[in-house]
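What follows is a set of notes on a single structure, which appears directly below.
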Amino acid sequence: MSKVLVSDPIDQAGIDILSQVATVDVKTNLKPAELIEIIGEYDALMIRSGTQVTKEIIEAGTQLKIIGRAGVGVDNVDVPAATRQGIVVVNSPEGNTIAAAEHALAMMLSLSRYIPDANASVKRNEWDRKTFVGAEVYKKTLGIVGLGKIGSHVAAVARAMGMRLLAFDPFISTERAEQIGCQLVDLDLLLQQADYITLHIPKTPETTHLINAERLAKMKPNARIINCARGGIIDEDALAVALKEGKIAGAALDVYESEPLGESQLRAIGKEIILTPHLGASTSEAQVNVAIDVAEQIRDVLLGLPARSAVNIPGLNPDVLEELKPYMQLAETLGRLVGQLAGGRVELLNVRLQGELATNKSQPLVVAALKGLLYQALRERVNYVNATIEAKERGIRVIETRDASVKDYAGSLHLEATGTLGTHSVTGALLGDGEIYLTNIDGFPISVPPSQYMVFTLHRDMPGIIGKLGSLLGSFNVNIASMQVGRKIVRGDAVMALSIDDPLPDGILTEIIKVPGIRDAYTVTL
Ligand SMILES: NC(=O)c1ccc[n+]([C@@H]2O[C@H](COP(=O)([O-])OP(=O)(O)OC[C@H]3O[C@@H](n4cnc5c(N)ncnc54)[C@H](O)[C@@H]3O)[C@@H](O)[C@H]2O)c1
Ligand SMILES: O=C(O)CC[C@@H](O)C(=O)O
């Protein structure tokens, strides 16, 4: 049975789903060294934002197939390291959208009315109604940085509260912003005009310290800024200075440059700042949503099924995959075959998607072909996640072409590889019953199902050659299961495809090439 490690607190609904297919160990608050020590036992790791999944942890996770982040941000996972090791990383892109948006809105209203400090004063037995005179958000301008899922929900609610909406997001269209009721502007204009600014962007090299001293200086003195996205998007030192000097009126932070928040001058600031301990996703609804969403994906991957929200498998949409499933095996088999025919070091792979496969949706077949091609070198280490990156690093150039006019079969795949043994090509299709057939080898038409051990020859089509080859193999105790010849013209060049019961013993290939009329011979294991 598979083993799953849950290293952050996860709702029981997720644990119940994982338990259907795996032994689940919940071990929270592990130190990095403790995690490194035990991770090698596990097939899957499920986390929230508390666990930092570093390269060292990933490298120690030699059995890991999947890392599931119960939440949106995967910035606490070294995704490139996981990809390199063929580990699928999944998240829950929508499970906590509403929770995070409502937290940002709660922060905005709390900041405007000093709710946290007013509450604390009453609890201290005070009755101070002068200190906490606030501001209304009605008819004020809200600047939304990042108009994705959370930013859009914030916009919808803020609009209903009568706010004017500006948005900065270089990756969405003016039309989309207008649909949401936002005017798309550049960041400088947003900073200059907004009374409230709320950040809903990922943390990337471009967004790190996006809000720095220079940009804080552009904001209005009555402006308040909210960060419920990721720590480090605001420069905390610059923010503390801007608040202390009254350059801006307030800030509310849920996320920090380093979490948990350590020594920080932000704590010394009074009612102008609200600090929450990364609570954006902390509603019972969101925790159930993300736990179920991610646990289902871990379960599916452990059962050999695709994940619906993998962040490191480009383009593998589950519906499309379901349609392509029968062809994935075909692509992989052809990749394995052509890789061995072309010799170990392949430098060019041309994948032609033919007939009804000639659509953009078939791109995963290219990944499957690469996986097959690399199998000889990498064995189980290559998978759909890392095949493309491994191919790139090995200098394999991949060309993808489409030809809808090929109608021999509903859909067929043609692979051509150039390697140390020259350029070779194979074509394959699925026959009516879904069985894989090789339909062409090096330009010669054949119709043969692939088998585990095969021998291919290139020879002159002449009387007696099949018999000679049969006797030769027989003399070495090699049993032929099936044999087929493909030729273009009678007595011209031809290929022979033989399925044999066991691997071809060493040294026999050279004997085969000595048979008069045989020009070349190859043996492959599929
Ligand atoms: N505090 C929490 O607990 C909590 C909970 C959920 C999500 N989050 C964080 O909230 C953020 C937003 O999440 P989401 O689900 O809305 O993501 P999303 O992907 O739906 O939206 C992000 C938006 O940011 C935009 N963007 C990217 N780079 C940008 C840049 N340089 N400048 C301006 N816009 C840019 C994108 O175009 C996109 O529209 C993420 O960082 C996520 O990790 C935090
Ligand atoms: O795990 C959490 O509670 C935080 C999640 C949140 O930051 C996210 O990116 O989804």
Side-chain angles (χ1 to χ4, degrees), residues 330 333-346 348-350 352 354 372-373 376 403 406-409 412-431 435-526:
L330 169 68
T333 306
L334 295 182
R336 277 196 198 191
L337 174 53
V338 80
Q340 291 174 67
L341 294 179
R345 200 168 298 128
V346 170
L348 175 66
L349 176 70
N350 198 326
R352 196 162 70 220
Q354 304 184 143
L373 185 87
Q376 215 193 346
D403 187 351
V406 180
K407 299 281 186 211
D408 309 356
Y409 301 91
S412 59
L413 272 174
H414 176 82
L415 267 55
E416 187 181 276
T418 303
T420 38
L421 298 179
T423 298
H424 289 272
S425 69
V426 294
T427 311
L430 299 180
L431 293 206
E435 207 185 332
I436 296 176
Y437 265 75
L438 305 176
T439 59
N440 196 296
I441 301 280
D442 283 341
F444 295 94
I446 53 165
S447 179
V448 61
S451 65
Q452 190 175 8
Y453 306 112
M454 298 190 83
V455 174
F456 295 92
T457 64
L458 176 62
H459 61 273
R460 283 282 318 273
D461 177 32
M462 57 193 230
I465 198 156
I466 296 174
K468 277 187 200 142
L469 182 58
S471 328
L472 175 72
L473 292 179
S475 70
F476 285 100
N477 199 26
V478 174
N479 198 35
I480 300 172
S482 74
M483 191 274 293
Q484 210 192 79
V485 175
R487 58 187 189 180
K488 290 186 217 166
I489 50 163
V490 177
R491 299 206 180 217
D493 281 340
V495 293
M496 199 173 343
L498 298 156
S499 292
I500 53 177
D501 288 341
D502 300 292
L504 195 70
D506 284 348
I508 302 190
L509 217 48
T510 14
E511 296 302 314
I512 294 177
I513 296 167
K514 285 184 195 156
V515 173
I518 294 188
R519 293 224 312 267
D520 226 337
Y522 305 83
T523 179
V524 300
T525 302
L526 298 177

Just list the side-chain donor-acceptor pairs under 3.5 Å for residues 334-345, sequence neighbours left out, or say none.
unit_1: Q340; atom_1: OE1; unit_2: T525; atom_2: N; d: 2.9
unit_1: Q340; atom_1: NE2; unit_2: R336; atom_2: O; d: 3.2
unit_1: Q340; atom_1: NE2; unit_2: T525; atom_2: O; d: 2.8

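Note that the OG1 atom of T333 and the CD1 atom of I436 stand 4.0 Å from one another [nearest 0.5 Å]. Separating the CD1 atom in I446 from the OG1 atom in T439 is a distance of 7.5 Å, to the nearest 0.5 Å. The CE atom of M496 lies 5.5 Å from the CD1 atom of I466; values are rounded to the nearest 0.5 Å. Rounding to the nearest 0.5 Å places CG of L498 at 8.5 Å from CZ of F456. Separating the CZ atom in F476 from the CD1 atom in I512 is a distance of 9.0 Å, to the nearest 0.5 Å. Residue L509 holds its CG atom at 11.5 Å from NZ of K514, rounded to the nearest 0.5 Å.
Using a 4.5 Å heavy-atom threshold, the side chains of E416 and T423 count as touching. The shortest distance between side-chain heavy atoms of L438 and T427 does not fall below 4.5 Å. In this structure, V495 and V485 have side chains that are not in contact, with every pair of non-hydrogen atoms separated by 4.5 Å or more. Residues N479 and D502 form no side-chain contact, since every pair of their non-hydrogen atoms from C-beta on lies 4.5 Å or further apart.
In this view, S482 and S499 satisfy the side-chain contact (heavy atoms from CB on, under 4.5 Å) rule, not counting sequence neighbours. Evaluation of the side-chain hydrogen bond (donor to acceptor under 3.5 Å, both in side chains) rule for S447 yields no partner, not counting sequence neighbours. Considering only residues two or more places apart in sequence or on other chains, H424 meets the ring-ring contact (aromatic ring centres under 6.0 Å, His included) condition with Y522.
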- Task: Please test Q354 against L413 for side-chain contact (heavy atoms from CB on, under 4.5 Å), starting from the C-alpha separation and ending with a verdict.
- Result: CA-CA 6 Å; Q354 304 184 143; L413 272 174; over 6 Å; no
- Message: Would L415 and N350 count as a side-chain contact (heavy atoms from CB on, under 4.5 Å) here? Give the steps.
- Response: CA-CA 6 Å; L415 267 55; N350 198 326; over 6 Å; no
- Item | Intermediate values then yes/no, side-chain contact (heavy atoms from CB on, under 4.5 Å), L473 and L504 | CA-CA 9 Å; L473 292 179; L504 195 70; 3.9 Å; yes
- What do the steps show when you test L458 against I518 for side-chain contact (heavy atoms from CB on, under 4.5 Å), and what is the final call? CA-CA 6 Å; L458 176 62; I518 294 188; over 6 Å; no
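Residue pairs that meet the salt bridge (charged side-chain N to carboxylate O under 4.0 Å, His left out) test with at least one member in residues 489-501, sequence neighbours left out, are D493-R519. Judged as a salt bridge (charged side-chain N to carboxylate O under 4.0 Å, His left out), not a single pair has a partner in residues 435-451 (not counting sequence neighbours).
In this structure, P445 and K488 approach most closely via the heavy-atom pair CD-CG, 4.3 Å. Of all heavy-atom pairs between M454 and I500, the closest is N-CG1, 4.4 Å. Minimum interatomic distance between P516 and I465 (heavy atoms only, all atoms of both residues): O-CD1, 3.6 Å. The two residues M462 and G517 have their closest heavy-atom pair at CE-CA, 4.1 Å. Scanning all heavy atoms of the two residues, the minimum distance from S412 to V406 falls at OG-CG1, 4.2 Å. Minimum interatomic distance between P450 and L526 (heavy atoms only, all atoms of both residues): CB-CD1, 3.6 Å.
In this structure, the side chain of T457 does not engage the main chain of H459 through any donor-acceptor pair within 3.5 Å.
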